[in-house]
Amino acid sequence: NNPYSEDQLAILISRRTDEQRLKAERQQEILKTALENATAASAAKSQFLSNMSHDIRTPMNAIIGMTTIALSRISDKQKVEDCLKKTLLASRHLLGLINDILDMSKIESNKLALSYEKFDLQETVHSIYNLIEPQAKEKGVSFEIVTNDVNQECLVGDQLRVNQVFINVIANAVKFTPRGGKVTMKLSEKQTSPEHIHLRCIISDNGIGMKKDFLSRVFLPFEQETAEIAQHFGGTGLGLAITHNLVNLMGGNIDVQSEEGKGSTFTIDLPFGISK
């Protein structure tokens, strides 16, 4: 009682065979893509660990070396003071590396929680300027913050993470901008309701820029454009990945435009509540 003729049955079998073949090909393509991504991630992590072994040892050696010198010259107040200053700088650098690794670990395990509290935007901007300006000045880079288009100053959000996002991007801009260059942070706002605004932060520089093929990977963890850049400028390759994840957690968006040899522009949009 087969309702199909032999020709119809043959066509049905052929169609099902084609469907199964296409399905198998799609599965193979998915597996191939997953393998390529896993291989790339593994290579990036291996490169990261290789860089980290150097980046962690350097400040650790400085701390041990300066402490040893200070102990051997304990009666020389000027020498001990100089050693302690260098030890403090190396300690802060090491703490920054460790914080990046811990933050990335929290993000990947979904254990990073945001706080929602009142904070003063003007105070945040001043603290960012006071932190970055001496670093930029020491390197011979001009740094300015423009806030002409901001009216709301008392906002509701996670001030600590907002600071971290802005400082990560600005510090990167200063790091990759040569002497005589310029880094600018421009803030503007758009009120979306009586209780909420969107804050836009545009951070631009005229530094070394990035190649077009690297822009698609710039926010991936452990990624740095080249091994030479990683060795020359240092860093974990986690700063922008952490920034990207924090912006997403806060319900915002981050975008980058860059041209090799001409600089980069990061645009960060973040939503905030307005405190009365």
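Given the structure is predicted, the values throughout are model-derived calculations rather than measurements.
The distance from the CG atom of D120 to the SG atom of C154 is 6.5 Å, given to the nearest 0.5 Å. Summarising the geometry, atom CZ belonging to R92 is positioned 12.0 Å from atom OG1 belonging to T87; distances are rounded to the nearest 0.5 Å. How far NZ of K211 is from CD of E260: 5.0 Å, rounded to the nearest 0.5 Å. Atom CG of L160 is separated from atom OG1 of T124 by 10.0 Å, given to the nearest 0.5 angstrom. Within the model, atoms NZ of K85 and CE of M66 stand 14.0 Å from one another, a figure rounded to the nearest 0.5 Å. A distance of 10.5 Å separates CG in D255 from CD1 in I268, rounded to the nearest 0.5 Å.
Under the salt bridge (charged side-chain N to carboxylate O under 4.0 Å, His left out) criterion, E117 pairs with no residue at all, not counting sequence neighbours. Partners of K79 by salt bridge (charged side-chain N to carboxylate O under 4.0 Å, His left out), not counting sequence neighbours: none found.
Among pairs with a residue in residues 186-210, those fulfilling side chain to side chain donor-acceptor pair (under 3.5 Å) read S193-H196, R200-D269, at least two apart in sequence or across chains. The salt bridge (Lys or Arg N to Asp or Glu O under 4.0 Å) analysis of residues 145-173, with sequence neighbours excluded, yields the pairs D103-R161. Applying the side chain to side chain donor-acceptor pair (under 3.5 Å) rule to pairs touching residues 22-33 yields R21-E25, sequence neighbours excluded.
Looking at S127 and N163, their side chains come closer than 4.5 Å, going by heavy atoms from C-beta outward. Side-chain contact between I63 and S91: present, with at least one pair of heavy atoms (C-beta onward) separated by less than 4.5 Å. Between I170 and M185, some side-chain heavy-atom pair lies under the 4.5 Å cut-off. Here the side chains of V125 and L187 are in contact, with some heavy-atom distance below 4.5 Å. Looking at T68 and I64, their side chains come closer than 4.5 Å, going by heavy atoms from C-beta outward. Residues N172 and K175 meet the side-chain proximity criterion, which asks for heavy atoms closer than 4.5 Å. V218 is listed as a side-chain neighbour of M210, based on a closest heavy-atom distance under 4.5 Å. Side chains of I167 and V165 form no contact here, defined as non-hydrogen atoms less than 4.5 Å apart.
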For the pair I203 and C201, evaluate side-chain contact (heavy atoms from CB on, under 4.5 Å) and give the outcome as yes or no after the intermediate values.
CA-CA 6 Å; I203 298 165; C201 176; 3.6 Å; yes

Stepwise side-chain contact (heavy atoms from CB on, under 4.5 Å) test for F272 and V156:
CA-CA 6 Å; F272 293 100; V156 178; over 6 Å; no

Apply side-chain contact (heavy atoms from CB on, under 4.5 Å) to the pair K212 and E259, showing each step before the final yes or no.
CA-CA 7 Å; K212 188 177 291 185; E259 188 173 346; over 6 Å; no

Verdict with reasoning, S264 to Q257, per side chain to side chain donor-acceptor pair (under 3.5 Å)
CA-CA 6 Å; S264 305; Q257 293 181 332; over 6 Å; no

Go through the steps for E133 and K137 under the test salt bridge (Lys or Arg N to Asp or Glu O under 4.0 Å), then give the verdict.
CA-CA 6 Å; E133 198 276 337; K137 187 176 181 180; 5.2 Å; no

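When every heavy atom of A136 is checked against every heavy atom of V174, the shortest pair comes out as CA-CG1, 4.0 Å. Annotation for S258 and L215: closest pair CB-CD2, 3.9 Å, computed over non-hydrogen atoms. The shortest non-hydrogen separation linking I274 to P194 is CD1-O, 3.8 Å.
Cluster membership for I30 and L22, using ILVMFWY side-chain heavy atoms within less than 4.5 angstrom, is not shared. One hydrophobic cluster holds both L131 and V162 under the rule that ILVMFWY side chains link at heavy-atom gaps under 4.5 Å. Linking Ile, Leu, Val, Met, Phe, Trp and Tyr whenever their side-chain heavy atoms come within less than 4.5 Å leaves L71 and L84 in two separate clusters. Linking Ile, Leu, Val, Met, Phe, Trp and Tyr residues whenever their side-chain heavy atoms come within less than 4.5 Å leaves I202 and I254 in two separate clusters. Tracing side-chain contacts under 4.5 Å through hydrophobic residues (I, L, V, M, F, W, Y), one never reaches L88 starting from I98; they form parts of separate clusters.
Taking the six-membered ring where the residue is Trp, the centroids of F166 and F266 are separated by 6.0 Å or more.
Using bins of under 30°, 30° to 60° and over 60° for the plane-to-plane angle, the ring pair F143/Y129 lands in the parallel bin.
Distance alone, capped at 3.5 Å, is enough to place a donor-acceptor pair between the K139 side chain and the T177 backbone.
With salt bridges taken as basic N to acidic carboxylate O contacts below 4.0 Å, one links K182 and E144.
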With a cut-off of 3.5 Å and sequence neighbours excluded, list every side-chain donor-acceptor pair involving residues 238-253.
from	atom 1	to	atom 2	distance (Å)
T243	OG1	N168	ND2	3.0
T243	OG1	G239	O	2.8
N245	ND2	A241	O	2.8
N248	ND2	H244	O	3.4

